[in-house]
Amino acid sequence: MHEVISAISSQATLRTYKKGSILLYQGEAPRMAYVIKSGDVKVYTINDAGEEQIATFHGAGDVFPTPWLFGNAQTTMYYYETFSNAELLTVPRELLLEHLYKPEHIRETTDYYVKNYTGMLMRVTALEQARAREKIMFTLYYLLHRYGRQIKVGIYEVDLPLTHSAMASLVGLTRETTTTELNKLKKEKVVSYDRKTMTIDKARLERSLGEDSFKDVSL
């Protein structure tokens, strides 16, 4: 969305947020659309037990909230909270839509939403797995494609500060189970991680998964 962001920058308001700032509450009627210039935003719900359940993340170049932006919802469906320090542009919905639909931006807009759709299909595939190991491995595959950047041949870095608790919430498992399975994958050299980044060996992950159908996907 770089072309769209450049086009609206002079008409948008740049705001800086610290990690943990709630941008939108579930059920809130937004006044503006958001475009992420830098940083990450966590999208989640809270269940009846008061537990956070992460739906997805948004990173640099992403716009939200999409259902409200396109008139499919009057309020937000999730909570939106900064997952790191972030810079966001706020822009009137009508202005953003105007630029998204401009002939010179249609290709970029289409590519953006097709990539998001493909990424969410991967996310669904991860959640529907029966075993914890497969849930986590398919989630790593989703993170690699959606948020990873290749730092050397076959090695991808996911620049999200994913704690074991955040990963457990994303996968839908307990923290203990998530930690156990991640440690196994770490010993197998499929993944390594610290507090700020996660590094994934794509070939090792694919061999562990026995997965061929996503190999040619580019997000």
Legend entry - side-chain contact (heavy atoms from CB on, under 4.5 Å) evaluation trace for Leu89 with Leu14: CA-CA 5 Å; Leu89 295 169; Leu14 178 63; 3.9 Å; yes
Legend entry - Smallest separation among heavy atoms of Met32 and Pro92, with atom names: SD-N, 3.3 Å
Inset, instruction - Report yes or no: do Met122 and Met137 belong to one cluster of Ile/Leu/Val/Met/Phe/Trp/Tyr joined by side chain heavy-atom distances under 4.5 Å? - result: yes
Legend entry - Over 12 non-hydrogen atoms of neighbours within 6.0 angstrom of CD in Gln74: no
Legend entry - Leu143 side chain near Leu170 side chain, heavy-atom distance below 4.5 Å: yes
Output side-chain donor-acceptor pairs under 3.5 Å for residues 50-62, partner residues at least two apart or in another chain, one line each.
unit_1, atom_1, unit_2, atom_2, d
Glu51, OE1, Asn47, ND2, 3.0
Glu52, OE1, Lys42, NZ, 3.4
Glu52, OE2, Lys42, NZ, 2.9
Thr56, OG1, Tyr142, OH, 2.9
Thr56, OG1, Tyr147, OH, 3.2
Asp62, OD1, Tyr112, OH, 3.0
Asp62, OD1, Arg146, NH2, 3.3
Asp62, OD2, Gly59, N, 2.8
Asp62, OD2, Arg146, NH2, 3.2

Inset, instruction - Side-chain contact test, heavy atoms from C-beta onward, threshold under 4.5 Å: evaluate it for Leu160 versus Met198 and give yes or no. - result: no
Inset, instruction - Evaluate whether atom OH of Tyr156 has more than 12 neighbouring non-hydrogen atoms of other residues, nucleotides or ligands under 6.0 angstrom away. - result: yes
Inset, instruction - Not counting sequence neighbours, list each pair that qualifies as a side-chain hydrogen bond (donor to acceptor under 3.5 Å, both in side chains) and has a residue in residues 158-172. - result: His164-Thr179, His164-Tyr193, Ser165-Arg175
Legend entry - Approximate separation, where rounding is to 0.5 Å, of Tyr79 OH and Ile46 CD1: 4.5 Å
Inset, instruction - Check the hydrophobic clustering (I, L, V, M, F, W, Y; side-chain heavy atoms under 4.5 Å; chains of links allowed) and say if Tyr78 and Ile36 are grouped together. - result: yes
Legend entry - Spacing of CD belonging to Gln129 relative to OG1 belonging to Thr125, to within rounding of 0.5 Å: 7.0 Å
Inset, instruction - First locate atom CG of Leu140, then atom CG of Asp201, and finally report the distance between them rounded to the nearest 0.5 Å. - result: 11.5 Å
Legend entry - Gap between atom CD of Glu104 and atom OG1 of Thr109 - 0.5 Å precision: 10.0 Å
Inset, instruction - Find the distance between CG (Asn85) and CG (Asp40) and round it off to the nearest 0.5 Å. - result: 10.5 Å
Inset, instruction - Apply salt bridge (Lys or Arg N to Asp or Glu O under 4.0 Å) to Arg107 and Asp111, showing your working. - result: CA-CA 6 Å; Arg107 177 59 185 270; Asp111 285 349; 3.3 Å; yes
Inset, instruction - Verify whether the ring centers belonging to Tyr113 and Phe70 lie closer than 6.0 Å. - result: yes
Inset, instruction - Say whether Phe138 and Leu144 are linked into one hydrophobic cluster, either directly or through other cluster members, by side-chain heavy-atom distances under 4.5 angstrom. - result: yes
Inset, instruction - For residues 16-31, pull every pair meeting side-chain hydrogen bond (donor to acceptor under 3.5 Å, both in side chains), keeping only residues two or more places apart or in separate chains. - result: none
Inset, instruction - For residues Val4 and Val35, determine if any side-chain heavy atom of one lies less than 4.5 Å from a side-chain heavy atom of the other. - result: no
Inset, instruction - Could you tell me whether the side chain of Lys202 reaches within less than 4.5 Å of the side chain of His145, counting heavy atoms only? - result: yes
Inset, instruction - Heavy atoms only: give me the nearest Val41-Leu23 pair and the separation to one decimal. - result: CG2-CD1, 3.9 Å
Inset, instruction - Apply the side-chain contact (heavy atoms from CB on, under 4.5 Å) test between Pro65 and each candidate in Val43, Asn72, Thr76; give the one that qualifies. - result: Thr76
Legend entry - Derivation of the side-chain contact (heavy atoms from CB on, under 4.5 Å) call for Glu188 and Arg204: CA-CA 8 Å; Glu188 295 168 24; Arg204 288 178 187 271; over 6 Å; no
Inset, instruction - Answer whether the closest heavy-atom distance between the side chains of Thr178 and Lys135 falls below 4.5 Å. - result: no
Inset, instruction - Sort out for me which residue in Leu69, Leu95, Ile106, Thr110 forms a side-chain contact (heavy atoms from CB on, under 4.5 Å) with Leu100. - result: Leu69
Legend entry - ILVMFWY cluster, Val153 and Leu205 together (side-chain gap under 4.5 Å): no
Inset, instruction - Please answer: with hydrophobic residues joined when any side-chain heavy atoms are less than 4.5 Å apart, are Leu209 and Leu185 in the same cluster? - result: yes
Inset, instruction - Could you give me the CA-CA distance, side-chain angles and deciding distance for Ile200 and Tyr141, then say whether side-chain contact (heavy atoms from CB on, under 4.5 Å) is met? - result: CA-CA 9 Å; Ile200 302 169; Tyr141 211 57; over 6 Å; no
Inset, instruction - Evaluate the side-chain contact (heavy atoms from CB on, under 4.5 Å) criterion for residues Asn116 and Met120: first the C-alpha distance (whole Å), next the side-chain angles of each, then the deciding distance (0.1 Å), finally the verdict. - result: CA-CA 6 Å; Asn116 272 274; Met120 293 313 296; 5.5 Å; no
Inset, instruction - For residues Tyr34 and Leu24, determine if any side-chain heavy atom of one lies less than 4.5 Å from a side-chain heavy atom of the other. - result: yes
Inset, instruction - Could you check if a side-chain atom of His99 sits within less than 4.5 angstrom of a side-chain atom of Glu3, using non-hydrogen atoms only? - result: no
Legend entry - Pairwise side-chain contact, Val171 with Thr177, heavy-atom cut-off 4.5 Å (strictly under): no
Legend entry - From CD1 (Ile136) to CG (Leu173), nearest 0.5 Å: 5.5 Å
